[in-house]
> 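Got a structure for you, questions after.
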Amino acid sequence: MARATIGAAILVCVVILALDVTAGILGLQAQIAQNKVKTVRMLFIECEQSSSKVYQLGLAAAVLLVAAHAVANFLGGCACICSQMEFIRASIKRKLAATLIVLSWLALIAGFSLLLAGAMRNSNPRRNCSFAQGHTLDLGGILCFVHAGVTVAYYVTANAAA
């Protein structure tokens with residue numbers, strides 16, 4: 001592999017890590033801001049004042065997570081295996097890349113859903129009353145870190161398989 005290619009691959013990995021880690025930190029910061037909001041609980045129902053800061057942090061984290069995923073998938077190429085026969089013939093690197101891209105998509109879907117749910121809960125400027133929701137924003141933030149590891153591993157493996 002040429003030096004320029006290795007340098008470009010390292011740069012892409014750094015960009016993916018930077019986007020995902022920033023998204024994870026924003027998700028955790030959104031949960032910290034959410035915990036500071038005034039809340040009244042009765043059994044399984046909780047009422048809390050919305051926070052525009054939580055909304056902005058959660059939405060920014062979701063956007064950065066999607067951006068990191070897009071960078072990895074557009075620059076990593078396609079490592080899909082479409083048939084059982086193709087799977088049998090594929091190299092171990094290609095099988096690993098295909099497995100990692102599936103895990104990357106799962107981490108994206110779960111993390112994005114949690115971050116968006118936490119952000120949208122704070123999109124209305126009035127008081128929200130609903131069933132008690134757990135720590136959606138910090139779980140989404142943690143999944144951003146998981147996504148970073150899996151996505152960088154996918155990108156490296158996809159480039160090695162190509």
Side-chain angles (χ1 to χ4, degrees), residues 1-37 50-83 86-124 133-162:
M1 196 180 259
R3 272 191 171 197
T5 307
I6 292 173
I10 290 172
L11 179 64
V12 170
C13 289
V14 167
V15 167
I16 293 167
L17 283 172
L19 289 169
D20 271 332
V21 167
T22 304
I25 290 170
L26 288 176
L28 296 175
Q29 289 296 320
Q31 184 64 52
I32 290 169
Q34 180 74 48
N35 292 341
K36 293 178 181 176
V37 172
S50 293
S51 169
S52 63
K53 181 179 180 182
V54 173
Y55 174 72
Q56 292 167 352
L57 289 171
L59 202 58
V63 168
L64 288 174
L65 177 62
V66 170
H69 191 78
V71 167
N73 279 280
F74 287 134
L75 298 178
C78 180
C80 45
I81 297 176
C82 300
S83 69
E86 190 177 349
F87 182 77
I88 292 169
R89 292 183 193 155
S91 68
I92 190 71
K93 290 177 186 176
R94 188 161 170 156
K95 289 177 186 176
L96 182 59
T99 303
L100 288 170
I101 195 168
V102 169
L103 292 174
S104 169
W105 274 98
L106 291 173
L108 171 75
I109 291 166
F112 182 77
S113 298
L114 288 167
L115 289 169
L116 205 57
M120 288 300 134
R121 189 171 181 210
N122 289 280
S123 64
N124 190 354
Q133 295 180 0
H135 299 275
T136 56
L137 291 164
D138 59 356
L139 290 175
I142 291 168
L143 280 171
C144 290
F145 297 123
V146 171
H147 183 265
V150 172
T151 305
V152 166
Y154 160 70
Y155 180 78
V156 170
T157 307
N159 279 338

> Of Val71, Val150, Leu75, which meets side chain to side chain contact (heavy atoms under 4.5 Å, CB included) against Tyr155?
Leu75
> Using residues 8-27 as the side-chain source, report each donor-acceptor pair under 3.5 Å to any protein atom, sequence neighbours left out, with the distance given to one decimal.
unit_1 : atom_1 : unit_2 : atom_2 : d
Asp20  : OD1    : His147 : ND1    : 3.1
Asp20  : OD2    : His147 : ND1    : 2.8
Asp20  : OD2    : Ala148 : N      : 3.3
Thr22  : OG1    : Ala18  : O      : 2.6

> Suppose the criterion is ring pair (Phe, Tyr, Trp, His ring centres under 6.0 Å): which pairs have a residue in residues 9-35, not counting sequence neighbours?
none
> Heavy atoms only: give me the nearest Ala30-Leu57 pair and the separation to one decimal.
CB-CB, 3.6 Å
> Can you confirm whether Tyr55 sits close enough to Met120 that some side-chain heavy atom of one is under 4.5 Å from a side-chain heavy atom of the other?
yes
> Could you grab the distance from atom OG1 of Thr136 to atom CD of Gln31, nearest 0.5 Å is fine?
6.0 Å
> Taking all atoms of both residues into account, what is the closest heavy-atom pair of Lys93 and Ala160, and its distance?
CD-O, 3.8 Å
> Before giving the answer on side-chain hydrogen bond (donor to acceptor under 3.5 Å, both in side chains), spell out for Thr151 and His69 the whole-Å C-alpha distance, their side-chain angles and the decisive distance to 0.1 Å.
CA-CA 7 Å; Thr151 305; His69 191 78; 4.7 Å; no
> If I compare all heavy atoms of Asn122 with all of Gln34, which pair ends up nearest, and what's the gap?
ND2-OE1, 2.7 Å
> Can you find a heavy atom in the side chain of Ile101 that is under 4.5 Å from one in the side chain of Asn73?
yes
> Could you list the residues that satisfy side chain to side chain contact (heavy atoms under 4.5 Å, CB included) with Ala153, not counting sequence neighbours?
Leu100
> List, one per line, each side-chain donor-acceptor pair under 3.5 Å for residues 108-119, sequence neighbours excluded.
unit_1 : atom_1 : unit_2 : atom_2 : d
Ser113 : OG     : Ile109 : O      : 2.7

